[in-house]
Amino acid sequence: MPETDLSEIDMRCVYGRVVVFDSGVGGLTVARELADMAPALALDYAADTGFFPYGDKSDAALRDRLPKVAKALYDHIQPDVFVIACNTASTLALEEVRAALPCPVVGTVPAIKPAAAQSKTGRIGLLATPGTIRRAYTEKLISEFAEGVTVIKHGSLELVELAEAVARGEMPALDAFKTAQSALFDGPGGEAIDMVVLACTHFPLVRDQLAQTAPREICYIDSGEAIARQTLRQLVQIGRDTPPSGKANRAFITDEADSWEDLAHVFERFGYAPTLMVQVGD
Ligand code: DGL
């Protein structure tokens, strides 16, 4: 099917209910892009707090969890489009989630293609969770879209935790960001990296801290805008001509986290309230 051309579309008149899903607060960076582009959308946000973080979970555990949590959220929210705003989940179980849901599912692909195309030195960094780094899917993207470009990879769960802390209003010491990305720049070839792919949706939350502690000027690139555009193409194809009825701007979580209150403040800051819990069955 030819790709829907968005240039002719009045984004103020794109309607539909969308749920943006991640393990934690990272997907808020994608939800923000979507809300900015198409303000009439009924957007809800969902975080699988009961299984956070995804980055250190086994493939088998995530393959089992993801279709279940997606289906529980779908049944509750009934979105027109379900967005997996998480590289760790999408690079592993996009097809499993698609098979479990009766609506279009948009996944997240690390921005390797644009980074490789824009790099002047032919050397790019890939910063992701350890899960995304070891995926066959990530290797496939590199061989398809980064031919002749050296990709230096680093998986960091610390950076996910740092991004969650920053989202909650904490200010971790800048040194922590320097350490979290130093493996990219300190190893062989690292001195020539000019672009770094932020292949975890949490990382745009700490883009400034990363830029401040990089050894030189680096272009950090993420896939937020591309995911938002792909979601809008799906909605244009569905073609609703009026807004969906019912509430929006709700945040859903999957457990009674101790830090519930903290998290609720983060969601509120991004415009999502109230915070509600959805039970994920076995
Ligand atoms: N935000 C997620 C991603 O894009 C993963 C964070 C985690 O739960 O480890 O990969």
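Both ligands and their constituent atoms are indexed starting at 1 by order of listing.
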Asks: Protein N/O near ligand 1 N/O, under 3.5 Å, which pairs?
Replies:
residue: ligand 1; atom: 1 (N); partner: Asp22; partner atom: OD1; Å: 3.1
residue: ligand 1; atom: 1 (N); partner: Asp22; partner atom: OD2; Å: 3.2
residue: ligand 1; atom: 1 (N); partner: Thr201; partner atom: OG1; Å: 2.9
residue: ligand 1; atom: 1 (N); partner: His202; partner atom: ND1; Å: 2.8
residue: ligand 1; atom: 4 (O); partner: Asn87; partner atom: N; Å: 2.9
residue: ligand 1; atom: 4 (O); partner: Asn87; partner atom: ND2; Å: 3.1
residue: ligand 1; atom: 4 (O); partner: Thr201; partner atom: N; Å: 2.8
residue: ligand 1; atom: 4 (O); partner: Thr201; partner atom: OG1; Å: 3.2
residue: ligand 1; atom: 8 (O); partner: Ser23; partner atom: OG; Å: 2.6
residue: ligand 1; atom: 8 (O); partner: Tyr54; partner atom: N; Å: 2.6
residue: ligand 1; atom: 9 (O); partner: Tyr54; partner atom: N; Å: 3.3
residue: ligand 1; atom: 9 (O); partner: Gly55; partner atom: N; Å: 2.7
residue: ligand 1; atom: 10 (O); partner: Asn87; partner atom: N; Å: 3.4
residue: ligand 1; atom: 10 (O); partner: Thr88; partner atom: N; Å: 3.0
residue: ligand 1; atom: 10 (O); partner: Thr88; partner atom: OG1; Å: 2.5

Asks: Glu33: which residues meet the salt bridge (charged side-chain N to carboxylate O under 4.0 Å, His left out) condition with it, sequence neighbours left out?
Replies: none
Asks: Is the distance between the ring centroids of Phe252 and Tyr45 under 6.0 Å?
Replies: no
Asks: Listed by chain and number, what are the salt bridge (charged side-chain N to carboxylate O under 4.0 Å, His left out) partners of Arg12, not counting sequence neighbours?
Replies: Asp10
Asks: Salt-bridge test for Arg32 and Asp36: reply yes if a basic N is under 4.0 Å from a carboxylate O, no otherwise.
Replies: no
Asks: If a pair satisfies side-chain hydrogen bond (donor to acceptor under 3.5 Å, both in side chains) and one of its residues is in residues 178-188, list it, with sequence neighbours excluded.
Replies: Gln181-Thr213, Gln181-Tyr220
Asks: Run the salt-bridge test on Lys247 and Asp44 with the 4.0 Å N-O cut-off and return the result as yes or no.
Replies: no
